[in-house]
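One structure below.
Reminder, nothing fancy here: chain letters follow the sequence lines and each chain counts from 1. Values below: every heavy atom of this structure, side chains too, minus hydrogens, waters and symmetry copies.
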2 protein chains.
Amino acid sequence: MPGTVHIVDDDASFRTALERRMRKAGYEVATYASAQQLLDRMPAESGPACILLDVKIPGLSGPDLQQRLAELGSTLPIIFVTGYADVRATVKAIKAGAEDVLTKPIMSEQLLPAVERALAHHQTSRGLKARLDELRARLARLTPRETQVFELVVQGRINKQIAQQLGATERTIKAHRHRVMEKMGVDSLAELVSMAERLDVLRRLSAGNGKAD
Amino acid sequence: MPGTVHIVDDDASFRTALERRMRKAGYEVATYASAQQLLDRMPAESGPACILLDVKIPGLSGPDLQQRLAELGSTLPIIFVTGYADVRATVKAIKAGAEDVLTKPIMSEQLLPAVERALAHHQTSRGLKARLDELRARLARLTPRETQVFELVVQGRINKQIAQQLGATERTIKAHRHRVMEKMGVDSLAELVSMAERLDVLRRLSAGNGKAD
DNA sequence: TCGGACATTGCCCCAAAGGACAATGCCCGA
DNA sequence: TCGGGCATTGTCCTTTGGGGCAATGTCCGA
């Protein structure tokens, strides 16, 4: 799979060596001497990509960068590269959503499959994120009142109940409801509920870990 | 949190030492000299519990047991115990849903929090599993025809369309639909769709990894 | 101050969903 | 062979949902 590999390592020679291997394998490459550098030149997500990230680098550490990226809603899969076997850190990294952890010296038999997996996962998660963002955008277009109606509707309340709860007429609720369906781009209650459910599930996941996006 | 710790290790002295530490910490303990032994005496899931599992044991290995348990739909969190730092295996174990990986000698500062986390997670996942099983059970009570109607209904099709697609009368669909709502224990389309969505999402997760249950 | 976004309602009509009551036909295991 | 589960329909009536058409009132930024 074609894709871009972002290499973050403070050791210039290691960085270059890795870059060569990646280019030879057919990937686009971008290198960074520090985590901050990557954040500054934050790569536009145009295609499948991943990060080869050294754990121990000056300034923001590998795990620090991982956290920052998660906070920024990045979908870039991270493959950690570490000089020594640290089980504690490895567990933590994977739980935080890292794609893999490789120890130096990095064997190609491990590196290449890991990169391929990462790119494939990124492909998938980008798609998911795109769809979710689309839903969120639609949801954001609802007016406050429409949002209230939306929430009650997907909970299964009938117009009469909603009207009573919001202190309005059933006719009014119908009007809001109509606009909600319109703005959300669905034409059946089932689709609306399904959409709400997805937003909800994904919202929960996002709250839990950085792998959500 | 009170709970039971299942210890699997072929080294009797290590097993006993660990058992003592766990009892002292206030947990119920059950020990097994092999993975097979645990499978044979498969613990009934009565309360929060977890497994302290040695990676390298004769017969079924730790990871092997992990896989078997996943296939059996177990929700028991596994904390791996390993003699040496193996990053590859660690990554694989965590990805396969392991709760944690600890290296010997096992420090209490790592062990006790890990066990607590495992028990807490088990508590949660048991709850999720129970709810999911409930849904599955309800779904299983539907007759073939009702299942067909169920699927079309949650897709947002209206009775008329369903009737046409299934080659039946609208009246018939209403009858099936009514029984579906009844058997699934809901009284609004929204709830039915929500239920279907959960079953679907969780089904996907189950297919992906052993952590699903 | 004017136009636009938002919230609200009324009236009317049609389509769809929910249920009550009732009945028919098939198939299968006890 | 009989009872039960399952699938199917009919008729009739009520409740909900969906929309067209139209209008009013508030609030706010240009």
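- Around CZ of B:Arg88, the count of heavy atoms belonging to other residues, nucleotides or ligands within 6.0 Å does not exceed 12.
- Rounded to an integer number of Å, the gap from NE2 of B:His176 to P of D:dA7 is 6 Å.
- Between B:Thr143 and D:dG5, a side-chain N or O to OP1/OP2 separation shorter than 4.0 Å is absent.
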**Asked** Between B:Glu182 and B:Arg138, does a salt bridge (charged side-chain N to carboxylate O under 4.0 Å, His left out) hold up when you go through it step by step?
**Response** CA-CA 10 Å; B:Glu182 203 171 62; B:Arg138 283 178 183 280; over 6 Å; no

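- Between the A:Glu19 side chain and the A:Ile7 main chain, no donor and acceptor come within less than 3.5 Å of each other.
- Under 4.0 Å is where a charged nitrogen must lie from a carboxylate oxygen, and between B:Glu134 and B:Arg131 no such pair does.
- In A:Lys183, the NZ atom is crowded: over 12 heavy atoms of neighbouring residues, nucleotides or ligands sit closer than 6.0 Å.
- Each of A:Glu151, A:Gln164, A:Gln165 was evaluated against A:Arg157; a single residue qualifies, A:Gln165, per the side-chain hydrogen bond (donor to acceptor under 3.5 Å, both in side chains) test.
- Between the CD1 atom of A:Ile162 and the C1' atom of C:dT8 there is a distance of 16 Å, given to the nearest Å.
- Look at CZ on A:Arg141: it is 15 Å from C1' on C:dA5, rounded to the nearest Å.
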**Prompt:** Can you give one letter per nucleotide of nucleotides 9-21 of chain D, going 5' to 3': B for a protein heavy atom under 4.0 Å from the base, S for sugar-phosphate only, - for none?
**Reply:** BBB----SBBBBB

